[in-house]
Amino acid sequence: MRRIAVLASGRGSNLDALQRYLDALGARAAATIALVVCDRASAGALALAHALGIDARVAAPSAEHAAQLGGLLSEFDIDLLVLAGWVRHVPDDVVRAFRGRLVNVHPALLPAFGGQGMYGARVHRAVLDAGARITGVTAHFVDETYDRGAIIAQWPVPVAPGDTDESLAARVLRVEHLLYPRAVQAVAAGRVSLDDQGRAVWTGDAPRRGLIFVPEPVEDHELARYIDDALDPRARS
Ligand code: GRF
């Protein structure tokens with residue numbers, strides 16, 4: 001069982017989705033959330049971690065931050081680092097130490113609409129300003145360059161006429177909650193890893209399909225089935 005640390009700066013809905021997914025997998029879950037780290041005491045993710053009974057710490061964004069974070073990760077014997085709305089730089093030595101074991105979710109289809117400073121509403125605003133008709137969700141390994149690590153999984157989300165930052169963010173977030181936990185499980189289970197060239201390599205049952213547009217309206221459980229079919233058909237059994 002891999003031990004996950006979730007790093008979160010905000011409300012923590014992806015943390016919640018991951019915990020629910022691992023709970024639903026039960027004995028098939030390849031990982032457990034052992035620690036939540038927030039960069040501020042006011043983060044919703046911190047309260048959520050307490051409510052879920054997960055150990056949680058605040059790591060202040062300071063010069064000591066890197067050492068403090070590194071210390072926490074070894075104290076809690078962490079195998080896998082999961083960024084879920086973490087808006088801070090991840091210290092380079094942590095990135096190096098967790099190479100291939102550090103993942104992030106981005107609310108757009110990388111490499112478009114990514115990079116330093118592209119987070120939260122800014123991403124959706126940029127998508128709308130560009131007139132893009134398609135956005136989506138990307139789960140990826142993290143390396144030293146913002147939003148450029150190897151892509152693990154992506155899922156498309158259509159931009160609707162009249163969308164605002166908020167309406168688009170909500171449509172994308174729903175897909176984050178379905179895709180990201182499955183990508184984390186795949187990494188924890190060793191089904192996908194980072195090779196020496198920095199590419200994501202699947203072993204065994206590789207994803208059968210890439211991007212799939214699912215006609216709206218679609219219930220969460222139906223959408224989850226499509227994502228399972230694409231990423232891990234065995235997850236359904
Ligand atoms: C998500 O949209 C995620 O893609 C982005 O930050 C947001 C975090 O939301 N990196 P939450 O804190 O998980 O609710």
Side-chain angles (χ1 to χ4, degrees), residues 4-23 31 33 35-52 54 56-59 61 80-90 94-95 98 102-128 132 134-143 145-159 163-185 187 220 223 227:
I4 289 175
V6 174
L7 271 54
S9 302
R11 78 202 132 180
S13 69
N14 278 289
L15 164 65
D16 193 41
L18 178 59
Q19 180 65 63
R20 284 171 193 271
Y21 182 70
L22 296 175
D23 283 348
I33 305 175
L35 176 67
V36 171
V37 179
C38 295
D39 61 337
R40 62 198 82 179
S42 59
L46 194 67
L48 177 64
H50 289 140
L52 293 170
I54 303 170
R57 298 285 188 276
V58 176
L80 180 56
L81 260 186
V82 172
L83 308 187
W86 180 253
V87 298
R88 304 276 172 189
H89 177 70
V90 180
V94 173
V95 172
F98 281 83
L102 172 50
V103 297
N104 184 40
V105 64
H106 186 78
L109 293 178
L110 292 176
F113 305 110
Q116 189 158 13
M118 282 294 263
Y119 59 84
R122 291 186 211 175
V123 178
H124 305 298
R125 186 72 259 155
V127 168
L128 292 172
I134 302 166
T135 183
V137 175
T138 303
H140 64 99
F141 288 107
V142 173
D143 64 15
T145 313
Y146 272 97
D147 294 333
R148 282 300 164 118
I151 291 169
I152 299 166
Q154 289 186 309
W155 205 264
V157 174
V159 178
D163 257 338
T164 61
D165 304 2
E166 291 79 19
S167 64
L168 186 55
R171 194 174 313 114
V172 169
L173 189 65
R174 177 188 179 213
V175 175
E176 289 183 47
H177 293 163
L178 295 172
L179 185 71
Y180 197 33
R182 288 165 171 80
V184 170
Q185 163 77 3
V187 174
D220 277 8
L223 189 50
I227 294 175

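Counting starts at 1 for both ligands and their atoms, in listed order.
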Quiz: residues 104-113 side-chain donor-acceptor pairs under 3.5 angstrom, not counting sequence neighbours:
| residue | atom | partner | partner atom | Å |
| --- | --- | --- | --- | --- |
| N104 | ND2 | H140 | NE2 | 3.2 |
| H106 | NE2 | F113 | O | 2.7 |

Would you name the heavy atoms of V142 and V103 that are closest together and state the gap between them?
->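 Smallest interatomic distance, heavy atoms only, reads CG2-C, 3.9 Å.
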Provide the closest heavy-atom pair for A139 versus Y180 in the form atom of the first, atom of the second, distance.
->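 Of all heavy-atom pairs spanning A139 and Y180, the closest is CB-CD1, 3.9 Å.
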With respect to L179, which candidate in I227, I152, T138 satisfies the side-chain contact (heavy atoms from CB on, under 4.5 Å) definition?
->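 Of the listed options, the one satisfying the test is I227.
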When you measure from the side chain of R125 to the backbone N and O of D165, does any donor-acceptor pair fall under 3.5 Å?
->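 Here the side-chain-to-backbone pair does not exist.
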Donor-acceptor under 3.5 Å (R171 side chain, V157 main chain) |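 It does not hold such a pair.
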Ligand 1: which protein N/O atoms lie under 3.5 Å from its N/O atoms?
| residue | atom | partner | partner atom | Å |
| --- | --- | --- | --- | --- |
| ligand 1 | 2 (O) | E176 | OE1 | 3.2 |
| ligand 1 | 2 (O) | E176 | OE2 | 2.9 |
| ligand 1 | 4 (O) | E176 | OE1 | 2.6 |
| ligand 1 | 4 (O) | E176 | OE2 | 3.2 |
| ligand 1 | 9 (O) | R11 | NH2 | 3.2 |
| ligand 1 | 10 (N) | V105 | O | 3.4 |
| ligand 1 | 12 (O) | R11 | N | 3.3 |
| ligand 1 | 12 (O) | G12 | N | 2.8 |
| ligand 1 | 13 (O) | S13 | N | 3.3 |
| ligand 1 | 13 (O) | N14 | N | 2.8 |
| ligand 1 | 13 (O) | N14 | ND2 | 3.0 |
| ligand 1 | 14 (O) | R11 | NE | 2.5 |
| ligand 1 | 14 (O) | R11 | NH2 | 3.4 |
| ligand 1 | 14 (O) | S13 | N | 2.8 |
| ligand 1 | 14 (O) | S13 | OG | 2.5 |

